[in-house]
Amino acid sequence: MVDRRYEDQRMKKRTLAGNVAIGFVLMTFVLIAVAFSTPSWLVSDYRITGARLDRFGLWTHCFRSLPDPVDVNQRRFFVGCRWIYDPFTTGYDQIKGFLVPPFLVATQFFFTICFIGALLSAILTLLYFLCCGPDMKQYVTLIKLNAWILLVGGLAGGIAVIVFACCANRSHWMPGHDNNFFGWSFALGCIGTVAALVASTLFFVEGYVQDSKRKQLKDSQMRFEMEHDKI
């Protein structure tokens with residue numbers, strides 16, 4: 001009887017990997033969400049007074065004085081921050097191909113997958129932390145599903161930041177590329193991606209341990225029943 005109580009208590013506990021994974025999921029969601037929504041992936045050196053670019057994000061671009069690349073006479077300049085799909089600024093839709101080249105579309109696509117993965121993982125982690133326990137039938141499935149979602153999100157985020165890092169500051173795109181550098185939003189995206197992969201690894205470990213505990217408990221119950229039948 002004592003052994004069974006000990007086994008039951010041990011089954012009800014999350015492992016250290018599971019507890020640490022909760023913290024990494026929280027970190028992942030906050031970092032990815034902030035990086036996803038802020039316009040500081042590529043920024044200009046603030047000390048350069050004549051810089052045309054101010055800062056650049058996935059969805060919002062801020063310019064100090066960007067000449068219209070379509071207007072050869074350069075009579076139109078874009079100033080201030082705008083959503084890339086802004087339908088109200090005259091001529092802005094005409095330079096959409098310049099503002100959103102194929103590599104940026106790829107970055108947006110993969111980082112959106114990363115953001116959705118972080119959001120789904122945050123929801124599953126709340127279920128894991130608040131609502132579910134080892135005695136529930138689908139507990140291990142929940143952990144492994146969370147691990148796979150984090151893995152896919154982390155890999156997608158990794159592709160996004162690598163593509164952006166390789167293509168965003170080349171000379172053929174944004175003006176003043178010598179004075180531009182990757183901003184804090186990009187850095188948060190990189191850190192959030194790594195945190196997602198770490199959380200995924202921890203949840204895979206947690207799922208393996210909980211699965212092993214469940215098998216051990218099942219074996220222990222079978223032995224107890226066999227001993228009870230003998231008596």
Side-chain angles (χ1 to χ4, degrees), residues 14 17-43 55-62 81-87 96-97 99-132 136 138-168 182-208 210-211:
R14 289 190 300 269
N19 289 326
V20 175
I22 294 172
F24 271 96
V25 169
L26 177 62
M27 182 192 306
T28 297
F29 177 70
V30 172
L31 293 178
I32 295 298
V34 172
F36 184 76
S37 58
T38 51
S40 292
W41 281 61
L42 186 69
V43 298
R55 59 188 186 276
F56 194 97
L58 297 182
W59 313 106
T60 304
H61 307 338
C62 301
C81 296
R82 288 176 176 82
W83 182 45
I84 59 173
Y85 301 109
D86 179 10
K96 199 64 58 61
L99 294 176
V100 190
F103 84 83
L104 186 60
V105 174
T107 302
Q108 291 172 333
F109 173 76
F110 284 108
F111 207 76
T112 299
I113 293 177
C114 181
F115 173 73
I116 294 173
L119 179 61
L120 291 176
S121 176
I123 296 172
L124 293 179
T125 301
L126 284 176
L127 292 175
Y128 166 74
F129 179 67
L130 298 176
C131 305
C132 299
M136 297 184 66
Q138 302 300 327
Y139 183 68
V140 176
T141 302
L142 173 68
I143 295 173
K144 292 182 178 180
L145 177 62
N146 202 356
W148 280 110
I149 289 175
L150 284 166
L151 179 61
V152 172
L155 292 176
I159 294 173
V161 297
I162 290 173
V163 169
F164 192 84
C166 293
C167 303
F182 298 110
W184 58 268
S185 297
F186 175 78
L188 293 184
C190 294
I191 299 172
T193 296
V194 174
L197 295 174
V198 173
S200 173
T201 302
L202 291 171
F203 270 126
F204 274 121
V205 172
E206 172 73 354
Y208 173 78
Q210 293 295 342
D211 198 25

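Numbers for residues simply follow the sequence, beginning at 1.
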Just how far is it from atom [atom1] of [X] to atom [atom2] of [Y], taken to the nearest 0.5 Å?
X	Y	atom1	atom2	result
His61	Leu104	NE2	CG	6.0 Å
Trp41	Thr60	CH2	OG1	13.0 Å
Ser37	Ile32	OG	CD1	11.0 Å
Leu197	Leu202	CG	CG	11.0 Å
Phe111	Ile116	CZ	CD1	12.0 Å

How close do [X] and [Y] get, heavy atom to heavy atom, and via which atoms?
X	Y	result
Arg55	Ser40	CD-OG, 3.6 Å
Cys114	Ala156	N-CB, 4.2 Å
Ala118	Thr28	CB-CG2, 4.2 Å

Short side-chain to backbone donor-acceptor contact, Gln108 and Leu58, under 3.5 Å: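 Indeed, once roles are kept as given, a pair shorter than 3.5 Å links the two residues.
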Ser200 side-chain N/O to Ala196 backbone N/O, donor-acceptor pair under 3.5 Å: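 Side chain of Ser200 to backbone of Ala196, a donor-acceptor pair under 3.5 Å: no, none is there.
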Aromatic ring pairing Trp59/Tyr85, orientation class (parallel under 30°, perpendicular over 60°, tilted between):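 If you compare the ring of Trp59 with that of Tyr85, the planes turn out tilted.
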Hey, are the side chains of [X] and [Y] touching, using non-hydrogen atoms and a 4.5 Å cut-off?
X	Y	answer
Thr38	Trp184	yes
Leu42	Phe182	yes
Val163	Phe110	no
Tyr128	Val25	no
Phe203	Leu124	no

Those residues that, when tested against Thr201, pass side-chain hydrogen bond (donor to acceptor under 3.5 Å, both in side chains) (two or more places apart):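 Counting only residues at least two positions away or on another chain, Thr201 forms no side-chain hydrogen bond (donor to acceptor under 3.5 Å, both in side chains).
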Non-neighbouring partners of Ala122 that pass side chain to side chain contact (heavy atoms under 4.5 Å, CB included), sequence neighbours left out: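 With sequence neighbours excluded, Ala122 shows a side chain to side chain contact (heavy atoms under 4.5 Å, CB included) to Phe29, given in chain and number order.
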Under 3.5 Å, which donor-acceptor pairs do the side chains of residues 140-155 form with other protein atoms, sequence neighbours left out?
from, atom 1, to, atom 2, distance (Å)
Thr141, OG1, Gln138, OE1, 3.3
Asn146, OD1, Ser121, OG, 2.7
Asn146, ND2, Thr125, OG1, 3.0

Phe103 CZ: over 12 foreign heavy atoms closer than 6.0 Å: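 More than 12 within 6.0 Å, yes.
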